[in-house]
Amino acid sequence: MTTQAYDENNIFVKILKGEIPSHKVYEDEHTLAFMDVMPQAPGHLLVIPKTGSRNLLDADPAVLLNMVPVVQKLAVAAKQAFEADGVVVAQFNEPAAGQTVFHLHFHVIPRREGEPLKPHSGTMEDQGVLAAHAEKLRAALAS
Ligand code: AMP
């Protein structure tokens with residue numbers, strides 16, 4: 001039972017550095033939120049810290065303190081923007097638990113009654129759809 005070290009070349013660091021594109025929804029000194037490219041439901045977004053850790057297990061608790069209010073703010077905005085009945089907040093630690101990108105992140109997924117979740121890391125969404133959904137979320141945050 002070994003845990004690998006944090007890899008600074010992971011894809012979310014490339015997003016933080018602007019080396020690969022993302023549909024940003026929210027950013028502050030400590031945190032970035034952007035659309036998941038393979039959404040499990042419309043409006044699925046990810047919240048990441050700007051500080052590196054592999055996941056929750058090795059995160060600095062001070063980083064978590066900065067993140068949780070942002071996760072809450074985005075969950076409220078996602079529920080409003082997508083007229084959702086509920087919101088899933090999910091976070092996976094290590095491959096055995098379903099983690100595929102090894103930089104701490106929280107999934108925020110608006111849910112509607114009777115609409116099943118699509119598979120985790122399933123199908124790539126159209127970029128235009130992601131851009132429109134990011135805009136809806138930014139508008140909800142601003143309202
Ligand atoms: P996890 O499996 O919890 O580590 O979640 C990683 C998530 O990152 C998955 O839901 C992927 O769809 C998503 N993802 C992977 N690459 C990107 C990317 N370049 N931009 C946005 N989301 C991504």
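Side chains are part of it too, since the values below use all heavy atoms of this structure and drop only hydrogens, waters and symmetry mates.
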Please walk me through it: do Leu117 and Arg111 pass side chain to side chain contact (heavy atoms under 4.5 Å, CB included)?
CA-CA 8 Å; Leu117 267 191; Arg111 297 296 313 275; 3.4 Å; yes

Do [X] and [Y] share a hydrophobic cluster (ILVMFWY, side-chain heavy atoms under 4.5 Å, transitive)?
X     : Y      : answer
Met35 : Leu141 : yes
Val47 : Val68  : no
Leu65 : Tyr26  : no
Met38 : Val25  : yes
Val89 : Leu45  : yes

Distance, nearest 0.5 Å, that separates CG of Asn93 from CZ of Phe102
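It is 10.0 Å, given to the nearest 0.5 Å.
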
Atom pair CD/CG of Gln91 and Asn55 - distance to nearest 0.5 Å:
6.5 Å

Is the Lys NZ or Arg CZ of Arg54 less than 6.0 Å from the centre of Tyr6's six-membered ring, within 45° of the axis?
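Negative - Arg54 is either too far from the ring of Tyr6 or too far off its axis.
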
Is it true that, when you exclude Glu19 itself, more than 12 heavy atoms of the residues, nucleotides or ligands shown sit nearer than 6.0 Å to its CD?
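Buried by this count: over 12 neighbours within 6.0 Å.
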
Please check this pair: side chain of [X] against backbone of [Y], looking for a donor-acceptor N/O pair closer than 3.5 Å.
X      : Y      : result
Asp36  : Leu46  : no
Asn66  : Val63  : no
Gln99  : Val101 : yes
His105 : His103 : yes

Show, in sequence, the C-alpha distance, side-chain angles and deciding distance for Lys50 and Glu27, and conclude whether the salt bridge (Lys or Arg N to Asp or Glu O under 4.0 Å) test is met.
CA-CA 10 Å; Lys50 293 186 174 177; Glu27 182 165 15; 2.8 Å; yes

Could you check Ile48 against Leu104 for side chain to side chain contact (heavy atoms under 4.5 Å, CB included), going step by step and ending with a plain yes or no?
CA-CA 6 Å; Ile48 69 170; Leu104 173 62; over 6 Å; no

Salt bridge (charged side-chain N to carboxylate O under 4.0 Å, His left out) partners of residues 117-135, not counting sequence neighbours, each pair once:
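Passing the test, one end in residues 117-135: Glu135-Arg138.
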
Contact between [X] and [Y] at the side-chain level, heavy atoms closer than 4.5 Å - yes or no?
X      : Y     : result
Ile109 : Val87 : no
Thr31  : Pro49 : no
His30  : Met67 : no

On the 0 to 90° scale, with breaks at 30° and 60°, tag the Phe92-His120 ring pair as parallel, tilted or perpendicular.
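Rings of Phe92 and His120: perpendicular, over 60°.
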
Take the angle between the ring planes of Phe34 and Phe12 and call it parallel below 30°, perpendicular above 60°, tilted in between.
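Judged by the thresholds at 30° and 60°, the geometry between Phe34 and Phe12 is perpendicular.
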
Identify the heavy atoms of Ala84 and Pro110 that sit nearest to each other, and give their distance.
CB-CB, 3.7 Å

Show every donor-acceptor pair shorter than 3.5 Å between a side-chain atom in residues 69-79 and any protein atom, with sequence neighbours excluded, or say none if there are none.
none

Quick one: do the Glu8 and Asn10 side chains pair a donor with an acceptor below 3.5 Å?
no

Among pairs that include at least one residue of residues 66-91, which meet ring-ring contact (aromatic ring centres under 6.0 Å, His included), considering only residues two or more places apart or in two chains?
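Every pair satisfying ring-ring contact (aromatic ring centres under 6.0 Å, His included) with a residue in residues 66-91: Phe82-His133.
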
Run the side chain to side chain contact (heavy atoms under 4.5 Å, CB included) test on His107 and His44 for me, step by step, so that the C-alpha distance in whole Å, both residues' side-chain angles and the decisive distance to 0.1 Å come before the verdict.
CA-CA 7 Å; His107 297 259; His44 181 172; 2.9 Å; yes

Given the rule in the side chain to side chain contact (heavy atoms under 4.5 Å, CB included) test, do Gln4 and Glu94 qualify, once you have shown the distances and angles that lead to the verdict?
CA-CA 9 Å; Gln4 291 176 31; Glu94 299 302 326; over 6 Å; no

